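This report concerns only the one structure given below.
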Amino acid sequence: MSFSELTSIRNIGIMAHIDAGKTTTTERMLYYTGFLHRMGEVHDGNAFMDWMEQEKERGITITSAVTTCFWKKKQINIIDTPGHVDFTAEVERSLRVLDGAVGIFCAVGGVEAQSETVWLQADRYKIPRIAYVNKIDRLGADFENVVEMIQDRLSSYATPIQLPIGAEDKFTGIIDLIKMKAYYYDPETLGLNFHEENIPDDYLDISEHYRDLLMELLTENDDLFLEKYLENEEITEEFLINSIRKSTINSKIIPILCGSSLKNTGVQLLLDAIIEYLPSPLEVDPAIGLDKDKKELLIKPDINEPFAALIFKVQVDKYVGKLMFIRVYSGSLKKGEIIYNQSNGKKERISRIIQLHSNKKKDIDVLHAGDIAAIVGPKFTSTGDTICGAGFNVLLSNITFPQGVISIAIEAKTKADQDKLSDGLRKMEEEDPTFRVYVQKDTGQTLISGMGELHLEIIIDRLRREYNVKANIGDPQVAYKETITVESEVTGEFIREMNGKGHYGIVKFKLSPIITNDDSANVFINSISEDTIPKEFWDAIEDGAINACMDGPLMSSPVERVKIELIDGDFNEVDSSETAFRIASSMAMSKGLLQCSPVLMEPVMKVTVISPEEFIGDIIGDINSKRGKVDIIREQLGKKEIVAEIPMNSLFGYSTKLRSISQGRAIYTMEFGKYRIVPKNVQKEILKKLRGY
């Protein structure tokens with residue numbers, strides 16, 4: 001792949017709140033670029049990117065879909081991500097490998113709860129973005145209000161580069177503030193044909209106003225632009241586009257566009273903006289990895305560099321087996337080559353390379369730096385693994401996913417279903433990092449946990465359809481975690497003979513709580529020398545200690561926010577083994593966690609309620625009764641928006657209660673916020689209910 005070919009690639013994601021029009025917009029992109037010859041519709045259940053049966057039935061995106069199209073000799077790799085909060089992992093792993101993103105906003109709803117969530121996810125990965133205000137044709141559409149919301153809540157750098165001509169049923173066209181021209185689309189050709197005219201006289205003043213705001217923003221970020229602007233030199237269209245591009249890539253500008261994807265208006269201009277303003281793989285910061293000495297290494301997007309890629313998604317396909325979605329950061333990969341998994345040390349062969357078009361697949365022979373595709377062959381891989389060519393030892397940063405907040409018990413109806421259930425759960429756990437299967441120690445029940453009721457509902461539906469499993473399902477339960485509250489020192493010993501061989505390992509840990517309001521993983525610190533315990537056993541000790549935290553003393557929940565410090569121990573030159581130290585560590589942790597005054601932690605959800613003002617008092621009173629805390633009350637399009645933190649345990653059946661309070665006129669969304677220690681009286685009730693006394 002040449003330099004010019006790399007500059008022609010755009011790896012972008014489509015992200016938004018549910019029902020803002022992501023999939024409809026992507027469908028139009030594929031139609032106008034010639035990839036599709038007929039547009040599908042989400043409401044008809046035939047959208048190309050929504051290929052799962054559950055997506056077609058519900059009219060929502062559940063899994064991120066990947067496709068490739070071409071526009072004006074540029075290759076656009078698109079990932080259409082879900083908008084529902086229960087499938088936030090799909091957004092997280094997509095953003096990890098993208099170079100740019102399009103944030104879509106409803107012209108009526110504006111910046112909604114999940115809009116903020118995905119925007120913050122993109123902030124974390126420093127992804128350049130453009131914004132597209134969709135549904136200008138809908139009743140209640142207000143472009144300027146949405147612009148203000150984006151500027152107030154998401155980025156003060158956001159500024160329109162387009163304006164709508166009219167709104168609601170009077171929406172007729174789009175003004176381009178770069179060319180200072182108006183565009184009108186022909187409904188008879190499904191928007192394929194459009195023509196350019198001068199800006200209508202009654203829109204000249206507002207167009208000049210917003211163009212001046214754009215110019216002022218560029219002068220703050222581009223010295224060359226400032227120089228020309230101050231000297232009253234001519235600013236050509238090409239120069240203006242280049243300046244916007246540079247500022248967008250540096251996240252100093254968020255260009256705002258507008259249109260109506262369903263009415264086939266504005267999507268071609270959005271495609272133009274994607275190739276004009278969003279970066280190629282060469283224009284973003286190089287990926288950073290760690291070499292074998294744990295030193296940082298820049299991974300340059302160059303075909304002549306050694307091969308390095310990240311597996312960002314695993315999907316079990318019933319026809320081809322395990323599909324691994326990868327982003328190639330450097331070098332190239334050919335079909336049939338051997339790759340090395342740096343995350344687990346496995347060496348495996350690539351049997352197929354597939355270019356993805358939603359659920360359709362096209363075999364190709366080679367991948368290059370900057371490509372997003374799928375591979376088939378490796379068996380011992382999972383999401384977040386780094387794969388490299390021979391002799392290139394680099395580990396890319398993994399992807400962090402939230403853990404499930406809600407659980408249900410599941411059991412096969414018959415013995416014949418037992419194996420099918422186990423197989424289905426194992427495969428779905430491989431695919432979805434936020435889905436977890438475990439056995440509760442006290443009851444022996446198999447529990448599955450996920451990000452919400454819809455997430456688990458989809459899992460159960462897939463078990464029934466894809467794996468033909470008949471299962472009994474329990475009521476939803478909160479997925480609690482555990483932590484400790486006091487410091488303690490504890491010793492673990494494993495000294496015994498097994499199968500005629502001696503095993504000897506002694507460890508001493510100091511356990512301390514990590515005081516934080518945020519989610520925090522456990523920390524392991526090694527404070528001993530090789531004289532105390534040889535280095536060859538250190539990994540086994542850490543592994544045993546960390547794994548023991550998966551089974552807490554109160555209700556077998558994962559234990560977090562614990563600092564584990566190895567302070568002493570003993571070994572035997574003949575009988576010491578990794579197994580002995582791993583078991584000694586596990587025994588020490590089990591004993592130590594119990595004596596460190598363990599407590600439960602519960603998931604607290606961020607709940608956003610939008611309601612007419614007359615019901616606000618009753619809604620706030622109800623939130624307080626649920627141990628909730630109101631953070632924000634603000635205006636939202638003539639209504640009031642309440643943002644609150646409420647424990648998950650209090651939210652079962654909330655939709656029914658809210659409808660009752662507001663006479664059916666309030667709506668709400670919720671997403672995971674954080675884990676927080678449960679009050680003592682509540683913990684007592686939870687454990688009493690669990691143990692049945």
Side-chain angles (χ1 to χ4, degrees), residues 11 63-66 77 79 89-98 287-292 297 299 306-356 359 361 363-401 403 422-437 462 466 539 543 546-547:
N11 292 316
T63 182
S64 54
V66 181
N77 298 321
I79 301 183
E90 293 291 324
V91 183
E92 187 75 26
R93 59 175 155 203
S94 300
L95 291 175
R96 169 66 178 79
V97 297
L98 293 171
I288 298 174
L290 298 177
D291 65 16
K292 59 183 179 182
L297 187 69
I299 314 296
F307 170 71
L310 183 77
I311 296 174
F312 67 93
K313 178 174 177 174
V314 174
Q315 181 177 309
V316 180
D317 187 280
K318 62 181 176 181
Y319 299 113
V320 300
K322 203 169 172 182
L323 268 177
M324 282 136 286
F325 293 54
I326 69 169
R327 162 68 192 265
V328 183
Y329 285 99
S330 69
S332 60
L333 176 68
K334 293 179 182 175
K335 185 173 72 173
E337 282 189 340
I338 299 289
I339 56 101
Y340 294 81
N341 188 322
Q342 299 295 323
S343 303
N344 62 20
K346 301 285 185 182
K347 179 174 78 170
E348 303 192 80
R349 184 180 297 275
I350 305 300
S351 59
R352 289 177 69 184
I353 299 176
I354 296 171
Q355 189 177 61
L356 294 157
N359 67 327
K361 305 165 187 71
D363 279 274
I364 55 177
D365 294 325
V366 64
L367 288 177
H368 300 291
D371 283 340
I372 292 176
I375 57 174
V376 179
K379 295 180 175 60
F380 305 102
T381 51
S382 56
T383 300
D385 285 358
T386 301
I387 57 174
C388 295
F392 190 39
N393 295 315
V394 66
L395 192 65
L396 296 163
S397 62
N398 207 328
I399 311 171
T400 303
F401 296 102
Q403 292 186 356
S422 299
D423 183 54
L425 291 175
R426 177 181 57 79
K427 287 178 178 176
M428 283 192 275
E429 200 172 19
E430 278 187 60
E431 290 183 348
D432 186 347
T434 60
F435 174 64
R436 182 170 167 247
V437 183
R462 288 186 61 195
E466 296 174 27
D539 286 345
D543 186 50
I546 295 297
N547 283 341

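Nothing fancy with the numbering, it's 1 onward along the sequence. What you are looking at is a predicted structure, and each value in this text was computed from that prediction instead of being measured.
Across every non-hydrogen atom of E431 and V316, the tightest pair is OE2-N, 2.7 Å. Counting all heavy atoms, side chain and backbone alike, L396 lies closest to I288 at CD2-O, 4.0 Å. The two residues G289 and V394 make their nearest non-hydrogen contact at CA-CG2, 3.8 Å. The shortest heavy-atom contact between D432 and R93 is CA-NH2, 4.4 Å. Shown here for V366 and S332, the closest heavy-atom pair between the two residues is CG2-CB, 4.4 Å. Pairing each heavy atom of P378 with each of V376, the nearest pair is CD-C, 3.5 Å.
N11 contributes a side-chain N or O that, together with a main-chain N or O of G370, makes up a donor-acceptor pair within less than 3.5 Å. Using modelled atom types, one side-chain atom of S330 and one backbone atom of P306 make a donor-acceptor pair closer than 3.5 Å. Formation of a donor-acceptor pair under 3.5 Å by the K379 side chain with backbone atoms of E348 is not found in this model. Side chain of R96 to main chain of G384: no donor-acceptor pair is present (N/O by atom type, distance under 3.5 Å, no hydrogens or angles).
Once rounded to the nearest 0.5 Å, the distance linking NE2 of H368 with CG of L333 reads 10.0 Å. Distance check: T383 OG1 to D385 CG gives 8.0 Å after rounding to the nearest 0.5 Å. L95 contributes atom CG, which lies 11.0 Å from atom CZ of F312 (distance to the nearest 0.5 angstrom). Taking CD1 of I354 as the reference point, atom NZ of K335 lies at 10.0 Å (rounded to 0.5 Å). In this structure, E337 CD and L367 CG are separated by 10.0 Å, a value rounded to the nearest 0.5 Å. One finds the CG atom of L323 at 6.0 Å from the CD atom of Q315 (value rounded to the nearest 0.5 Å).
The side-chain contact (heavy atoms from CB on, under 4.5 Å) check on R349 picks up I338, with sequence neighbours excluded. Legend: residues meeting side-chain contact (heavy atoms from CB on, under 4.5 Å) with L395, ordered by chain and number and at least two apart, are Q342, S343, T386. Take N547 and apply the side-chain contact (heavy atoms from CB on, under 4.5 Å) test, not counting sequence neighbours, and it matches D543.
You'll find the side chain of L297 reaches within 4.5 Å of the side chain of F392, heavy atoms only. N341 is not listed as a side-chain neighbour of F380, based on a closest heavy-atom distance of 4.5 Å or more.
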Exercise. Kindly determine whether K322 and T381 satisfy side-chain contact (heavy atoms from CB on, under 4.5 Å), including the steps that lead there.
Key: CA-CA 9 Å; K322 203 169 172 182; T381 51; 4.0 Å; yes
Quiz item: Could you go step by step and tell me if Y340 and N393 meet the side-chain contact (heavy atoms from CB on, under 4.5 Å) rule?
Solution: CA-CA 9 Å; Y340 294 81; N393 295 315; over 6 Å; no
Quiz prompt | side-chain contact (heavy atoms from CB on, under 4.5 Å) assessment of I399 paired with L310 | solution = CA-CA 10 Å; I399 311 171; L310 183 77; 4.2 Å; yes
Quiz item: Please walk me through it: do I326 and I311 pass side-chain contact (heavy atoms from CB on, under 4.5 Å)?
Solution: CA-CA 4 Å; I326 69 169; I311 296 174; 3.7 Å; yes
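Remark: R426 engages E430 in a salt bridge, criterion side-chain N to carboxylate O under 4.0 Å.
Judged by the 6.0 Å and 45° rule, R327 forms no cation-pi pair with F325.
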